[in-house]
Amino acid sequence: EKGGDGEGTANKDVVMGDGEQHNNSEANPQEEEKPKPPLIFESEEAESLAYAEYNAKYCLNYVRTFFNHHLDDPWFRTRLSPLETYNQALKERGRANSEANEMRKEILQSLEDMKKGVIPKKDPDCAEYLGPPMCNFVASCRLGVGTKPTNPTHGYMHRGDYYTEQENETDMQHNVLQGEDRNRIERHAKSHLHSFIRTESCVKVMDVPPNVSDEQLLGALAGHCGGGGKDRGEPPTSVWSDSVCIPVRDGASMDPYHRTAYAVFPSSAAKDRMLEGLHKANEDANRRSSRDRHHRNKGDALPRVLDLEVDCTDVYGRREVDADGNGAAPPSAGKKKDADTKLPSKRCTVYVSTSLLSSSQPVSVLSAAVSSRTRIIQDKEDATTITGILDERREIDSGRRLADLLRLLYPDRDEFLLVDDEDILDISIAYLRRVHLFSFYNGCTAAKIVGNVLSFRASAGTIHLRLRDADQILAKSAEESKGRDSLGAVSGGAVEDKGDGEMAGGDCNGAEGAVEETNLA
C-alpha cells in the first residue's frame, strides 16, 4: 500500500489467488500439492561442469564405438597402421615397375613393326611442323591434337543408380564431348592409357562395402573364371581400390565408406571368360527365383551390370572363434563343433560393370597460352627432370626408366638431337601419368594409389590435349586486340575536340577496349 495504487492492487490479486488455491485444496482434500524436485546441482557452475563431463564421455564413447566397428576395415587400418601404409606403398611401387615394363614392351613391339615395314600413321589432327612419327608408339603419344569443344556436356556422372549410369556413360561422362567431337581417346593419345585399360583387361567393381578387402574381391572373381582342368580360366592378378567415400555433408551420392575397385586380368580373353561365368551364375540365381526371367541367348551382349556375391566373413580369413586370445581350441566334450568354434558366415553383393573403361576416359583441351610452342622447350626440361627424380626416389628398375626408354627409341645420339622437343615432352608426360600417377598439366600433383586415377578422383585421371595451332590463334587474338586499341585511340582523339562532355565518352570507349583486352589475355 505504501507503493501506491498499482502495488496495492497487485498485492490484492496475490492474496485473492492464495485464497482461491486454499479453497480448491479444501474442496479437494485428496489432491495434495506436488513437492518440488530437489536441486541436483548447488549452482549453475556445477551444472555446467557436469554437462561438460557428460558431453566428453558421450563423445569418447562415440569415438570408441566407431573405432571398434571399423577396426578390421582395410581403409581404416591403412590410415592408422604404419605397416599397412608401408605394404600399400610396396604394392604401388611394384605396380609402377610393372607399368614401366609394359611401356618398354610397347616400344619394342612398335620398333619391330617399323623394321617389318609397317608405316606409322600420322594423326590427321596433328600439326604439320611435327612431320611423320618415328613409330606407332610415338604417334599415339602426341598431345598437340586438341580442338576447341563445340558441344560440351555438363556435370560429372556421380554414382547413383548403376543401371542408369551405365546406360548413359557412352554418351555423357566427365565432360567428354559428343557427336562431332574429335578429342575422344579413341582417336588420340592411346599411349597415355594404362596398359590394362588400353588392352581392355580390367573390370570395374562398384559399391564395395568397407568391410570387404581387395583379397576377398580377388577370391570372389577367381571363382567365376571357369571350370576345372583345361577349362579353368586365368584369375585376376590384382585388385586396385580407390579411397572410400567419407561423408562430409548430407545428401552425398555414394554410400558412406563405400568404394570402387578395379580388377586386372592377365588378358582381355581372361576377363571375358570371367564375365561369362559370372553372367551364368546370375542366370542360375534368377532361374531359381523367377521362371519368367529373360535369359540371354548366345551372341547377345552382356548386361551392363552383373551381381557378384562376396564372402566377407572375416577380412583376414579367420574362421574359428578365439575366446582366450591363444588361438582356436578344440570344442569341449558334448558340444557341437560348428556352434562352438566356427564364425557365422557373412556374404554381401557388389556390382561388376561390363562396359569398357577406356570409353569413359575424360579428356581436356588446354588453353592456347599453355599449348603454345614457346613453352615446349622449357616444359620438356621440366618433365624430364621430374621424371628422373621420381625414377630415382621410387627405385624404378634399370632399363625401364624414362632415360632408358628414350635411348631404346633413339639409340643414335645424333638422331636423338634431331628429335622434336614436343615428341620428347609427350613421351615424358605419358610416362609420368602411367608410371608415377603424375599430372604434368594439372598442378604437377601425383596420386598415391592408382585406384583414384582410374576413378578420376585424382588430377592424373584426366588426359590433357594441347590446342592445335595455338600460336596462330594467339597471333590472331593479338592482332584483333591491337585493332581494338587503335580504334579506341582514334575515336578518343575524334571526340577530344568536341567538348568536355563528349570527352568522357571517348575515355569510356578506351576503358571498354582495355577491359576486353584484359579478358582476352
Could you tell me which residues satisfy side-chain contact (heavy atoms from CB on, under 4.5 Å) with Ala430, sequence neighbours excluded, listed by chain and number?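 Ala430: side-chain contact (heavy atoms from CB on, under 4.5 Å) contacts with Cys141, His192.
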
Listed partners of Thr374 passing side-chain contact (heavy atoms from CB on, under 4.5 Å), at least two apart: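 Expected list: Ser372.
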
Hey, mind stepping through Asn442 and Ser459 against side chain to side chain donor-acceptor pair (under 3.5 Å) and telling me if it holds? CA-CA 6 Å; Asn442 196 353; Ser459 56; 4.6 Å; no

I'd like to know if [X] and [Y] make a salt bridge, using a cut-off of under 4.0 Å between side-chain N and carboxylate O.
| X | Y | answer |
| --- | --- | --- |
| Asp113 | Lys116 | no |
| Glu276 | Lys280 | no |
| Glu106 | Arg434 | yes |
| Arg407 | Asp404 | yes |
| Arg79 | Glu84 | no |
| Asp426 | Arg466 | yes |

As an exercise, state the distance from [atom1] of [X] to [atom2] of [Y], rounded to the nearest 0.5 Å.
| X | Y | atom1 | atom2 | result |
| --- | --- | --- | --- | --- |
| Leu366 | Ser364 | CG | OG | 6.0 Å |
| Met206 | Arg259 | CE | CZ | 14.0 Å |
| Gln88 | Leu83 | CD | CG | 12.0 Å |
| Asn282 | Leu302 | CG | CG | 10.0 Å |
| Leu406 | Thr384 | CG | OG1 | 8.5 Å |
| Thr199 | Lys271 | OG1 | NZ | 8.5 Å |

Do Asn101 side-chain atoms and Asn97 backbone N/O form a donor-acceptor pair below 3.5 Å?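 It does not hold such a pair.
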
Asp311 side chain to Ser345 main-chain N or O, any donor-acceptor pair under 3.5 Å?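 Here the side-chain-to-backbone pair does not exist.
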
Parallel, tilted or perpendicular: ring planes of [X] versus [Y], cut at 30 and 60 degrees:
| X | Y | value |
| --- | --- | --- |
| Tyr431 | His436 | perpendicular |
| Tyr62 | Tyr58 | parallel |
| Phe76 | Phe67 | perpendicular |

Output, in order, the C-alpha distance, side-chain angles, deciding distance and verdict of side chain to side chain donor-acceptor pair (under 3.5 Å) for Ser241 and Asp214. CA-CA 7 Å; Ser241 296; Asp214 292 346; 2.6 Å; yes

Taking side chain as C-beta onward, heavy atoms only, is His194 less than 4.5 Å from Arg95?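 Result yes, sub-4.5 Å side-chain heavy-atom pair found.
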
For residues Asn136 and Ser110, is any side-chain donor paired with an opposing acceptor at under 3.5 Å?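 No, Ser110 and Asn136 have no side-chain donor paired with an acceptor closer than 3.5 Å.
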
Taking only residues two or more places apart in sequence, or in another chain, which ones meet Phe416 in a ring pair (Phe, Tyr, Trp, His ring centres under 6.0 Å)?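 Scan of Phe416 (ring pair (Phe, Tyr, Trp, His ring centres under 6.0 Å), adjacent residues dropped) gives none.
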
Working for salt bridge (charged side-chain N to carboxylate O under 4.0 Å, His left out), residues Arg394 and Glu92: CA-CA 10 Å; Arg394 298 183 179 179; Glu92 179 57 38; over 6 Å; no

Passing option when Asp420 is tested against Arg373, Arg142, Lys380 for salt bridge (Lys or Arg N to Asp or Glu O under 4.0 Å):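 That would be Arg373; it is the only one of Arg373, Arg142, Lys380 passing the salt bridge (Lys or Arg N to Asp or Glu O under 4.0 Å) with Asp420.
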
If the test is side chain to side chain contact (heavy atoms under 4.5 Å, CB included), which one of Met274, Glu200, Glu234 qualifies with Phe265?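 The side chain to side chain contact (heavy atoms under 4.5 Å, CB included) with Phe265 is passed solely by Met274 among Met274, Glu200, Glu234.
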
Walk me through it: do Thr387 and Ser428 pass the test side chain to side chain donor-acceptor pair (under 3.5 Å)? CA-CA 7 Å; Thr387 306; Ser428 303; 5.1 Å; no

